[in-house]
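Taking it in order: structure first as structure tokens, then the write-up.
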There are 2 protein chains.
Amino acid sequence: MTQWLSTDEERAWRAVRRLLTVLPSRLGRDLTQLGLSSADYEVLSTLSEKPGRRWGLRDFAEKMQWSRSRLSHHAARMEARGLIEREADPADARGSIYHLTDAGFAVLAEAAPGHLASVRARFLDHLSPEEVAVLERVADRIADLPD
Amino acid sequence: MTQWLSTDEERAWRAVRRLLTVLPSRLGRDLTQLGLSSADYEVLSTLSEKPGRRWGLRDFAEKMQWSRSRLSHHAARMEARGLIEREADPADARGSIYHLTDAGFAVLAEAAPGHLASVRARFLDHLSPEEVAVLERVADRIADLPD
DNA sequence: CTATCGTCTTTGACATGTCAATGAAAATCA
DNA sequence: TGATTTTCATTGACATGTCAAAGACGATAG
């Protein structure tokens, strides 16, 4: 079940697959120690980068590459924890606007340094500048392919 | 929330994060068209590579980097579909041995070419041989770090 | 204006993953 | 041997993600 890629490709793909599994899992584990899941952290940091720290669900979900359903579910749970809040969109009564609470921002601010340290320790610190450059180019090229 | 990596690192990490999200999701979607989830495919192909196409749960789970619980749950579902079977381990009455059924092997054999085509179309075909080599080295280095 | 159609978020049902507890059997050790 | 500890796979309860309604509202065309 193995011979339809060249041996070089085969080895590389195996290695990349392992990376795809292992790196997110390690970063997630580190984050859990800090009291947040990876999903929580993504939501908080994506929201914190938006001017005003508020965002309508539709665009927010698209930015995060999440389904609207997933974001709605997850946001409901985070709202119950007091990390974010939802309010009606004044411009479109169907819409919902999410914004970071002060508590949510505080939680993010507390977790961020540890998370970035983890990204360094588990990834960036082990790459040369040239490798970082190659990775960026390759990752962009692949991710930009049509869906 | 953004200024604790150098701009180069920041851009690269962003790109890699996007790749980590988007590539598995695309490959998974393609696989779904072929009737299998990514998890199903991993189980089948990992099992098919083992001599005799049978494997005890413990080592199997470790090889896949899955928790035993996850594998046990997933295997129960796949067994219900007739793709794999479980039997008692004659050497250790606590143990359980998983093996691929003929039906499971047939399903894998049918899905594999399409999946490999998808890996090519969505990934490998867009990399130069040098990039493939860099990726393999980097991915191995990162994945081999202590947990 | 109003009827239709499309779009919005949420919801519920279900699939999947995690975590802790279970019960059975092996390994260890006195 | 017999008691204790460890390891094994599975299970159940719960958290999370997916998919297909649902219901509310906006946009469009007559």
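Numbered from 1 within each chain, the chains take letters A, B, ... in sequence-line order.
Using a 4.0 Å cut-off between charged side-chain N and carboxylate O, A/R54 and A/E87 make a salt bridge.
Counting to the nearest Å, the P atom of C/dC5 and the CZ atom of A/R94 are 17 Å from each other. Following rounding to the nearest Å, A/L31 (CG) and D/dA15 (C1') show an atom-to-atom distance of 17 Å. Going from atom CG of B/L71 over to atom P of C/dT18 covers 12 Å, rounded to whole Å. Atoms CZ (A/R70) and P (C/dT11) sit 18 Å apart, rounded to a whole Å. Atom CG of B/D89 and atom P of D/dC8 are 11 Å apart (whole Å). Rounded to whole Å, atom C1' of D/dT16 lies 14 Å from atom CE of A/M78. In this entry the distance linking CG of B/L57 with C1' of D/dT10 reads 9 Å, nearest Å. One atom, CZ of A/R86, and another, C1' of C/dT11, lie 11 Å apart when rounded to the nearest Å.
No engagement by B/F60 is indicated, since no non-hydrogen atom pair under 4.0 Å with the nucleic acid exists. Nucleic acid contact for A/S96: sugar-phosphate only, since backbone atoms but no base atoms lie under 4.0 Å from a heavy atom of the residue. Heavy atoms of B/D92 sit under 4.0 angstrom from primed sugar atoms or phosphate atoms, though from no base atom.
Classified by interplanar angle (parallel below 30°, tilted 30° to 60°, perpendicular above 60°), the ring pair A/Y98/A/F60 is perpendicular.
Both A/A39 and A/A91 lie near DNA chain D, and the one whose nearest nucleotide falls closer to the 5' end is A/A39. Mapping A/A93 and A/W66 onto DNA chain D via the closest heavy atom, the residue that lands nearer the 5' end is A/W66.
Taking 3.5 Å as the limit, the base of C/dT9 and the side chain of A/R68 contain no donor-acceptor pair of atoms between them. Residue side chain A/H73 reaches the base of D/dT18 through a donor-acceptor N/O pair under 3.5 Å, judged by distance alone. For A/S69 against C/dT11, a side-chain N or O and a base N or O form a donor-acceptor pair under 3.5 Å.
Counting heavy atoms from C-beta outward, B/L100 and B/L83 have side chains that stay 4.5 Å or more apart. Contact of the B/R122 side chain with the B/L27 side chain is registered, since non-hydrogen atoms from C-beta on lie closer than 4.5 Å.
A/R77 has a side-chain polar atom (N or O) that falls below the 4.0 Å cut-off from OP1 or OP2 of D/dG17. Between A/H74 and D/dT16 there is no side-chain polar atom (N or O) within less than 4.0 angstrom of OP1 or OP2.
For the 3.5 Å distance criterion, the side chains of B/H73 and B/R70 fail to qualify, holding no donor opposite an acceptor.
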